[in-house]
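The structure appears below as structure tokens.
Every heavy atom of this structure was used, including side-chain atoms; hydrogens, water molecules and symmetry mates were not. Values in this document were obtained by computation on a predicted structure and should not be read as measured data. Both counts, for ligands and for their atoms, begin at 1 and track the order of listing.
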Amino acid sequence: MPRILDGVAIAKAIKQEVAEEVKALAAKGIRPGLAAVLVGHAPASEIYVRSKVQTCADLGIFSELITPPDTVITEEMLDLVASLNDRDDIDGILIQLPLPPQVDTKALLDAVSPSKDVDGFHPVNAGRLQAGRPALAPCTPAGIIEILKRSGIPIAGQHAVVVGRSDIVGKPAAMLLLHQNATVTICHSKTRDLGAVTRQADILVAAIGRPGFITREMVKPGATLIDVGINRITTREEFDRYFAGNANREASFAKRGSTIVGDVDPKAFELAGAYTPVPGGVGPLTIAMLMANTVRAAKLRRGL
Ligand code: GUN
């Protein structure tokens with residue numbers, strides 16, 4: 001039986017450690033602060049941001065939710081970011097993506113002070129990360145490393161194959177795995193004979209954004225599968241493809257009319273040595289690492 005890597009439990013442990021750090025900082029008169037900027041009413045974004053703000057409250061981190069109108073333009077957003085960069089009570093600035101099309105997302109992310117860039121999206125932090133200098137690293141990739149380390153899964157010398165080359169997950173995940181001395185291969189939509197590469201993986205990171213993309217034939221038996229995908233499926237046909245015979249899923253699908261599948265076909269998990277489930281695997285780590293980054297930014301900015 002493969003081992004299930006419990007992201008909820010690992011995230012809880014990290015949040016407890018962060019709460020201890022927040023307490024220690026409070027004794028020095030320091031309260032880390034996060035500004036969360038949300039434009040629009042995309043349900044997923046609203047859920048994420050609400051959860052981020054709630055977690056700040058749980059851990060004793062100050063937070064401020066800023067919701068500019070849907071019609072906001074780039075210049076107004078740049079002014080907002082400039083004011084947040086200047087505020088001493090704000091250590092982290094999180095701009096929830098995606099932004100509406102009239103806003104220049106790159107210009108905005110570039111305007112966030114690298115010292116307050118708790119998402120690790122600024123090119124300065126991306127550059128520091130690849131150069132092996134201290135940097136605020138993107139939360140989901142940092143969470144992947146925490147899952148592996150805290151589960152005692154060796155990384156050094158292992159062949160890690162990352163499928164997906166996004167700036168937010170694939171590229172930084174590859175860099176962090178490399179810094180842990182993995183042998184790293186990055187695959188993407190143009191990779192020839194993808195299965196031949198993924199079958200070499202001791203650690204396979206699936207960050208493609210397509211439901212059930214990694215199938216059984218693409219997995220080496222005993223590999224560790226890290227599934228970053230969050231794909232909502234709504235049709236009976238898709239449901240049956242991934243979850244036929246799964247009573248728990250059946251009940252929640254019947255109730256909600258949808259369920260979530262990762263980028264790994266659940267049938268491929270059966271072959272794994274260990275895997276992160278969806279939901280309850282990588283997802284919970286993203287917010288935990290955001291909290292950790294906020295406290296880290298608070299300390300770094302004060303030279304602690
Ligand atoms: N949208 C989806 N994931 C993320 C994330 O990790 N950070 C931000 N800011 N926006 C997102």
Side-chain angles (χ1 to χ4, degrees), residues 7 11 14-15 33-56 61 63-68 72 74 77-78 80-81 84-85 90-101 103-126 129 135-147 164-173 175-176 205-210 226-232 260 262-263 276 278-279 281-294 296-297:
I14 292 169
K15 286 186 282 188
L34 176 72
V37 182
L38 170 67
V39 184
H41 300 276
S45 291
E46 286 192 327
I47 291 168
Y48 285 135
V49 170
R50 218 179 301 136
S51 179
K52 288 166 184 176
V53 168
Q54 179 60 49
T55 308
C56 283
I61 295 171
S63 74
E64 188 165 305
L65 173 61
I66 301 163
T67 55
V72 72
T74 302
M77 287 291 281
L78 287 170
L80 170 63
V81 167
L84 295 172
N85 283 341
I90 295 297
D91 297 291
I93 301 170
L94 173 128
I95 301 166
Q96 187 66 29
L97 304 180
L99 288 165
V103 177
D104 183 341
T105 299
K106 280 200 174 130
L108 211 60
L109 296 180
D110 289 3
V112 173
S113 166
S115 65
K116 296 190 177 188
D117 171 36
V118 284
D119 259 329
F121 291 170
H122 195 287
V124 163
N125 280 318
L129 178 65
L136 291 165
C139 302
T140 300
I144 291 171
I145 300 297
E146 290 297 324
I147 290 176
R165 55 174 156 179
S166 70
D167 292 323
I168 292 177
V169 181
K171 275 191 227 169
M175 208 48 69
L176 289 169
V205 178
I208 309 124
R210 287 172 60 179
I226 303 292
D227 189 350
V228 185
I230 300 175
N231 308 292
R232 187 169 294 279
I260 303 289
D263 289 352
T276 60
V278 176
V282 174
L285 269 295
T286 300
I287 291 182
M289 298 314 291
L290 176 70
M291 300 298 121
N293 271 354
T294 302
R296 181 142 179 262

Consider every N or O of Thr140 and every N or O of ligand 1, then say whether any pair is closer than 3.5 Å.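 No; every N/O pair is 3.5 Å or more apart.
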Between ligand 1 and Tyr48, is the shortest N or O to N or O distance under 3.5 Å?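 The answer is no, given that Tyr48 and ligand 1 share no N or O pair closer than 3.5 Å.
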Which bit of Leu97 is near ligand 1, meaning a heavy atom under 4.0 Å away: side chain, backbone, both or neither?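 The part of Leu97 near ligand 1 is both the backbone and the side chain.
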Just let me know how Ile168 lines up against ligand 1, side chain, backbone, both or neither, with a heavy-atom cut-off below 4.0 Å.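 The answer is neither.
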Pairwise distance CG(Leu109) to CG(Leu99) - rounded to 0.5 angstrom: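 Here the interatomic distance stands at 7.0 Å.
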Inter-residue atom distance Ile95.CD1 - Leu80.CG, 0.5 Å rounding: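 Atom-to-atom, Ile95:CD1 and Leu80:CG are 7.5 Å apart.
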What residue among Asp119, Leu38, Leu84 forms side chain to side chain contact (heavy atoms under 4.5 Å, CB included) with Leu94?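 Single pass found, and it is Asp119.
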Can you tell me which residue among Ile144, Val205, Val228, Ile226 is in a side chain to side chain contact (heavy atoms under 4.5 Å, CB included) with Thr276?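 Exactly one option meets the side chain to side chain contact (heavy atoms under 4.5 Å, CB included) with Thr276, and it is Ile226.
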Numbering as shown, the atoms of ligand 1 that approach Ile95 to under 4.0 Å (heavy-atom distance):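 Taking each heavy atom of Ile95 in turn, ligand 1 has 8 (C), 9 (N) under 4.0 Å.
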May I ask you to identify the nearest protein heavy atom to atom 11 (C) of ligand 1, giving residue, atom name and distance to one decimal place in Å?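 Result: Gln96 NE2, 3.3 Å.
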Just to confirm my output: which protein heavy-atom neighbour is closest to atom 6 (O) of ligand 1, and how far is it?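 For atom 6 (O) of ligand 1, the nearest protein heavy atom comes out as Asp119 OD1, 3.9 Å.
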So, for Leu136 and Ser115, which heavy atoms are closest and what is the spacing to 0.1 Å?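 In this case the closest contact between Leu136 and Ser115 is CD1-O, 3.8 Å.
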Start with the C-alpha gap between Leu108 and Val112, add the side-chain angles, then the distance that decides, and say whether side chain to side chain contact (heavy atoms under 4.5 Å, CB included) holds. CA-CA 7 Å; Leu108 211 60; Val112 173; over 6 Å; no
